[in-house]
Amino acid sequence: MSSETHRHFIQQIVDADLAAGKHAAIATRFPPEPNGYLHIGHAKSICLNFGLALEFKGRCHLRMDDTNPTKEEVEYVDSIKEDVRWLGFDWGQHYYQASDYFARMHADAIRLIELGKAYVCFLSQEEIRAHHGDEKTPGKPTPTRDATVAANLAAFAQMTRGEFDEGKAVLRAKIDMASPNMHLRDPVIYRIRKTSHHNTGDTWCVYPMYDYAHPLEDAYEGITHSICTLEFEVHRPFYDWLLRTLDTPAKPQQIEFARLNLTYTVMSKRRLLELVQEKRVSGWDDPRMPTISGMRRRGYTPAAVRRFCETVGITKHNSLSDVALLEHAVRDDLNKTSSRFMTILDPVKLVIENYPEGQVEELDATNNPEDPAAGTRKVPFSKTLLIERADFMEIPEKKYFRLTPGQEVRLRWGYFVTCTGCKKDAAGNVTEVTCTYDPATRGGDAPDGRKVKGTIHWVSAAHAGDVEVRLYDRLFSHEDLNHIPEGVDWRTLLNPGSLSVIRGKVEPALLALAPATRVQFERTGYFCVDAKDSQPGKPVFNRTVGLKDSWAKVAGK
RNA sequence: AGUCCGAUGGUGUAAUGGUAGCACAGGAGAUUCUGAUUCUCCUUGUCUAGGUUCGAAUCCUAGUCGGACUACCA
């Protein structure tokens, strides 16, 4: 993490601009295209843009960049709004859509033509590409490049009226066909799309391209700092050219930063969309997805996501962040905020031989040792309990602190018990562990002050609820999805064990939790009540992230 | 290949000409009614070669490596 005083390069730019009196207040924007769900990479951008506005008491606009009717849908618009709000940000009155500016952008295109800075090109897509040239070859001018303003005006009007079929004509900016920057070789700024737009319907059949629309949207809204990712660096000269040529009152400054990459995670919308369409996941909100909605369903907190975004920082060089950073952020938050419960995911019976048959006690358990205000709850205790299979070993490994014949352990919030042995079936599987308890240790403390090395969790067999538990692991088994071995399909890199569904035995209190409640299963991990598939009294639990397990490391050696 | 951008431990980042620091991960230990948490300590780094300077991670030059660009996507 950076030091308290560290300011990243964008903050420094804003500091300088404000100090120089360049702006009275700053305005940033988060401009997603509604063609997919937001993911953790967008969260980084959202935190940056809204965070800057908050820090400098400026404003941050939420703007749908809906300039391509063939790809965008209302479903995405709604999910984007929900996700930004969930992350904890508020755009206030500043919700905009590129499509709201279509008329104004169109008028500006006409101005551009009048200025002699744009012309209608009738070349086919292939011809345009052939005329484009390459790094060492300058492009060739289109036949109509030097047509008169009147002819271009007329042609653009025809385009606008729908008199040409899709692909028959485009409007191009007239800049420099020999520029070393390809984006300055007369870029296409309007194309014909005879598709209904989710917002403007059939009003238009010409739609602006991103390169043309974006600077204008920013200028119309008075954006001061237009922050985008590194790949738009080469587009900046056009961004500036357009604002200069049209002499817009506002001259927003485009600043690029490095997008987020995460280990074992795909971040491209295209791939995410394929995972959904090919049903390799249950949907955009599948808890294994790096989408905001997936992480929300998985049990991540907005605070943890924001914290993570702070941790990875803002720079101009590409990097691959370890997903462990994200996991740490969520554990750190959940540790402080979630109530603990006892659940057994791989049960084996534990019978307390000297505990009275039929007796049931209600023991007090602390909900969250990190937060006394979380209070306590009652947990039923009886002669026959269920414990984790891993908490018993007939022949113990070195430093094994759990149940093994002759060893005493504590049953959390219960009693000290001493293991007496186990019963097995014909195949040699342990079917029951037996022990005796010390009645003087009720609640979990020995009056004589003796200590035990291990504490294990349990549930009363007769009182336990039976629930579905979904154990999630990383979606991919390959670390860097941006670098895949030659000839390998990224889909084959999916982790076949990314989801396992099991049944768990839980203490009664867990059955009454509201959907989306986040809890810790003691000694196991953080889980949350699935908001979609849970039924009243029948919760489904999603594992958000496991607890750190240093014993697993020791035992694995 | 051209143009542009970048390069600090295993990972992510600080240090803005003056002691290379932080977080994660990893290791060792202490504490603990979660082998969790917490706490302590430790390992590991300035891409290379020149230059400027009393002094360079920082400035300059060249090289190397990585990324972006050659869509009627954004």
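Throughout, protein chains are lettered first and strands after them, A, B, ... in sequence-line order, and every chain is numbered starting at 1.
- Nearest nucleotide to the side chain of A:K553, out of B:U34, B:G27, B:A71: B:G27.
- In this structure, A:K336 reaches neither bases nor backbone, as no heavy-atom distance under 4.0 Å exists between it and the strands shown.
- Counting distance only, with no hydrogens placed and no angle test, the side-chain atoms of A:R523 and the base atoms of B:G35 include no donor-acceptor pair under 3.5 Å.
- Of the candidates B:C72, B:U34, B:U38, B:C72 carries the atom nearest the A:Q125 side chain, counting heavy atoms from C-beta on.
- Nucleotide B:U61: paired with B:A49 (Watson-Crick or G-U wobble, both distances less than 3.5 Å).
- Comparing A:G313 and A:T441 by the nucleotide of RNA chain B whose heavy atom lies nearest to each, the residue mapping closer to the 5' end is A:G313.
- Nearest nucleotide to the side chain of A:M209, out of B:A74, B:U70, B:U8: B:A74.
- Checked against B:G35, B:A25, B:A74, the side chain of A:K548 finds its nearest nucleotide in B:A25.
- Side-chain atoms of A:H317 lie closest to B:U8 of the nucleotides B:U8, B:U70, B:G35.
- Sequence order on RNA chain B of the closest nucleotides to A:L230 and A:K168 puts A:L230 first from the 5' end.
- A donor-acceptor contact under 3.5 angstrom links the side chains of A:Y37 and A:E75, judged on distance only.
- The side chain of A:S124 contributes no N or O atom lying less than 4.0 Å from OP1 or OP2 of B:C72.
- A donor-acceptor contact under 3.5 angstrom links the side-chain atoms of A:E135 to the base of B:U70.
- The side chain of A:E33 lies closest to B:A74 when the candidates are B:G6, B:U34, B:A74.
- If you check B:U70, B:C24, B:A15 against the side chain of A:A324, the one that comes closest is B:C24.
- The listed nucleotides are B:C69, B:C5, B:U13; the one nearest the side chain of A:S319 is B:U13.
- Across all strands, A:Y400 comes closer than 4.0 Å to base atoms (heavy-atom distances).
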